[in-house]
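Here is the structure we will look at, set down as structure tokens.
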Amino acid sequence: MKVFAALYGLADAAERARALRDAGASGVATFEGPHDVFAPLTLAASVGGLDLMTNVAIAFPRNPIHLAHQANDHQLLSGGRFSLGLGTQIRPQIEKRFGAQFDQPVARMMELIAALRAIFTAWETGGRLDFRGDYYRHTLMTPAFNPGPNPHGAPPIYVGALGPRLTRATAEHADGLLVMPFGSKRFLQNNTMPAVREGLQAAGRRAQDFAIIPEIIVSAGDTDAQREQANSGTRRLLAFYGSTPAYRPVLAAHGWEDLQPELNAMSKQGRWQEMGGLISDEMMRTLAACGTPAEIAAYIRDRVDGVSDTVCLYQPAPIGLSTLAEIIDRLQ
């Protein structure tokens, strides 16, 4: 099994990537947090033997030309080991934090993918760039701004999706699906995979030509005290996700949908520390991989069985390298 581990920060990005590789990780992934999602990967690109992936870069605030140049440059820097993972985020974040437009997110995301591919094709062939859509328009590519063919080819484009419409569209148009970390085996099998199969069938695509990469929240520690501390952080993270209306279907899959509006109300009151107390042991162990390295590996293998041989570990708090190495060893 291929395992992606989270890459945080900037100053130690290359050192951290090297340590994760030595611990057995197959790749490193970044998320859109307090730092730019591409910058740590730029620093880690010099570390051989690691795949690089954004999981995810928020798409709508960025122009397709910007994304294309960033993806192409990282494909060059890494020697063909880069994957561009894109996400929609939610309306309040896009409109209030980024000041961008969110209307028709599924159609907008699929058009953005088409625009990226048109740009990559123009660079590869030297042909005219002539993309005209409802949201994006690219009709000029002068030689001074054309990087030319990438010797490693264009990077694959993955999309993070949860709802059935975006999941279906991703399977129809993208190179792979990044399964959101707030999830469970039941939701993956009963909600995500049927939508994937519908999208692949609509596009006449084969399952083996489409990547599925589940991201799984991991709560681990080297001692009982550290594991308890990690579990507390995991409960807060799950409560944060659970407060978002977009994630209510995951809770509903287990009969917990009434928790979502309660968590949402608490979040609006700023009661973040209290919210984690509403996440029961059953919820935590259903939605996250917790316990010893053996227990965590067994949970992950069971959750993705028959779906994927690649996972991305979401760490609410950094996992010690020795513990991470044991988890990866047991997964492999």
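Among residues two or more places apart in sequence or in another chain, the ring-ring contact (aromatic ring centres under 6.0 Å, His included) test is passed with H35 by none. For E326, the side-chain hydrogen bond (donor to acceptor under 3.5 Å, both in side chains) test picks out R330, with sequence neighbours left out. Listed by chain and residue number, R206 satisfy the side-chain hydrogen bond (donor to acceptor under 3.5 Å, both in side chains) test with D209 (two or more places apart in sequence, or in another chain). The side-chain hydrogen bond (donor to acceptor under 3.5 Å, both in side chains) check on R97 picks up Q93, with sequence neighbours excluded. Residues satisfying the side-chain hydrogen bond (donor to acceptor under 3.5 Å, both in side chains) test with R235, not counting sequence neighbours, are D281.
Distance alone, capped at 3.5 Å, places no donor-acceptor pair between the N55 side chain and the A29 backbone. Between the side chain of E111 and the backbone N or O of D134 there is at least one donor-acceptor pair closer than 3.5 Å. Between the T125 side chain and the G127 main chain, a donor and an acceptor come within less than 3.5 Å of each other. A distance-only check finds a donor-acceptor pair linking the side chain of T30 to the backbone of V37 [under 3.5 Å]. Between the side chain of E172 and the backbone N or O of A202 there is no donor-acceptor pair closer than 3.5 Å. Of the possible donor and acceptor atoms, one in the side chain of S308 sits under 3.5 Å from a partner among the backbone N and O of I212. Remark: the backbone N or O of G48 is paired with a side-chain donor or acceptor of R21 at under 3.5 angstrom.
Contacts classified as ring pair (Phe, Tyr, Trp, His ring centres under 6.0 Å) and involving residues 148-188 (residues at least two apart or in different chains) are given here: F182-Y241, F182-Y247. Within the structure, the ring pair (Phe, Tyr, Trp, His ring centres under 6.0 Å) test picks out the following pairs touching residues 70-95 (sequence neighbours left out): F38-H74, H74-F82. Residues in residues 282-319 take part in no ring pair (Phe, Tyr, Trp, His ring centres under 6.0 Å) pair, two or more places apart or across chains. Sorted by first then second residue, the ring pair (Phe, Tyr, Trp, His ring centres under 6.0 Å) pairs that include residues 196-222, not counting sequence neighbours, number zero. Residues in residues 287-314 take part in these salt bridge (Lys or Arg N to Asp or Glu O under 4.0 Å) pairs, two or more places apart or across chains: K185-D302. The salt bridge (Lys or Arg N to Asp or Glu O under 4.0 Å) contacts involving residues 49-72 comprise K2-D51, E32-R62, D36-R62, where partners must be two or more places apart or lie in separate chains.
Using a cut-off of 4.0 Å between Lys/Arg side-chain N and Asp/Glu carboxylate O, R168 and E198 are scored as salt-bridged.
With a 4.5 Å cut-off on side-chain heavy atoms, D12 and R18 do not count as touching. The side-chain heavy atoms of L86 and L116, taken from C-beta on, include a pair separated by under 4.5 Å. Side-chain contact between Y136 and L112 is present, with heavy atoms from C-beta onward closer than 4.5 Å.
With a 6.0 Å cutoff to the six-membered ring centre and a 45° limit on the axis angle, R108 does not count as a cation-pi contact of F102.
Atoms CD1 and CD1, on I216 and I300 in that order, are 5.0 Å from each other to the nearest 0.5 Å. The OG atom of S219 sits 10.0 Å away from the CD atom of Q229 when rounded to the nearest 0.5 Å.
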Check residues 138-145 and write down every donor-acceptor pair under 3.5 Å in which the side-chain atom is one partner and the other belongs to a residue at least two apart or another chain.
none

